[in-house]
Amino acid sequence: QVQAVESGGGLVQAGGSLSLSCGSHGRTADTKTVGWFRQAPGREREFVAAISWKSGQSNYASSVKGRFTISRVNARNTVYLQMNNLRPDDTAVYYCALRKGFILSDNERHYDYWGQGTQVTVSS
């Protein structure tokens with residue numbers, strides 16, 4: 001069994017920064033890529049960013065490219081999402097997801113394990 005545990009959400013003013021963490025626990029060797037998704041009230045969950053544990057290769061949604069950075073520290077089984085220049089429309093519950101497959105994916109159905117989510121609120 002594998003678990004993903006997010007932390008680091010909170011309230012920030014527009015233009016500010018937050019850093020989220022995703023700790024991976026259990027049979028972590030079974031997972032090859034990690035993704036961040038978010039869900040705003042009344043909206044479907046959407047892809048934010050993903051990274052490969054092995055290569056560090058990453059990809060981003062166009063809405064966050066240039067503002068968000070995903071990174072990983074393999075020794076800690078932890079993935080980070082640094083969010084800069086936050087906007088009110090970034091307000092959402094952010095979820096970490098783990099995938100057994102090697103290929104980076106923006107499709108939530110490709111992910112096998114999900115965290116409980118952490119709230120990010122950006123005030124204007």
Taking atom CZ as the centre, does R87 end up with more than 12 heavy-atom neighbours from other residues, nucleotides or ligands that are less than 6.0 angstrom away?
yes
Closest non-hydrogen atoms of G9 and L20, given as atom of the first, atom of the second and distance, are N-CD2, 3.5 Å
Greater than 12 external heavy atoms within 6.0 Å of I103's CD1: no
Correct closest heavy-atom pair for S24 and T31 would be OG-OG1, 4.4 Å
Between R99 and L104 the two heavy atoms that sit nearest each other are NH1-N, 4.4 Å
**Item:** Path from V64 to V12 over hydrophobic side-chain contacts below 4.5 Å
**Value:** yes
* To do: Tell me yes or no: between the side chains of R38 and Y94, is some donor less than 3.5 Å from an acceptor?
  => yes
In short, G115 meets Y95 closest at the heavy-atom pair O-CD2, 3.6 Å
Atom CD of residue position Q82 - does it have more than 12 heavy atoms of other residues, nucleotides or ligands inside 6.0 Å? yes
Next on the checklist: Tell me whether Y111 contacts the main-chain N or O of C96 through its side chain, where contact means a donor paired with an acceptor under 3.5 Å.
Outcome noted: no
For the backbone of Q116 and the side chain of E6, can you confirm whether one donor and one acceptor N or O come within less than 3.5 Å of each other?
yes
Here the gap from L86 atom CG to S123 atom OG, rounded to the nearest 0.5 Å, amounts to 10.0 Å
Flag the pair F37 / D106 as yes when at least one side-chain heavy-atom distance between them is below 4.5 Å, and no otherwise.
no
Joint cluster assignment, F47 & V93, ILVMFWY side-chain distance < 4.5 Å
yes
When every non-hydrogen atom of W36 is compared with those of S21, the smallest separation belongs to CH2-O, 3.6 Å
What one should report as the nearest heavy-atom pair of G8 and L18 is O-CD2, 4.0 Å
Q: Check whether any side-chain N or O of Y60 sits under 3.5 Å from a backbone N or O of I70 as a donor-acceptor pair, and report yes or no.
A: yes
Those residues at least two apart in sequence (or on a different chain) that pass side-chain hydrogen bond (donor to acceptor under 3.5 Å, both in side chains) with E108 are R45
Does the T91 side chain pair with the main chain of V122, one donor and one acceptor, at a distance under 3.5 Å?
yes
> Would you say N74's side chain and W53's backbone share a donor-acceptor pair under 3.5 angstrom?
Replying inline: yes
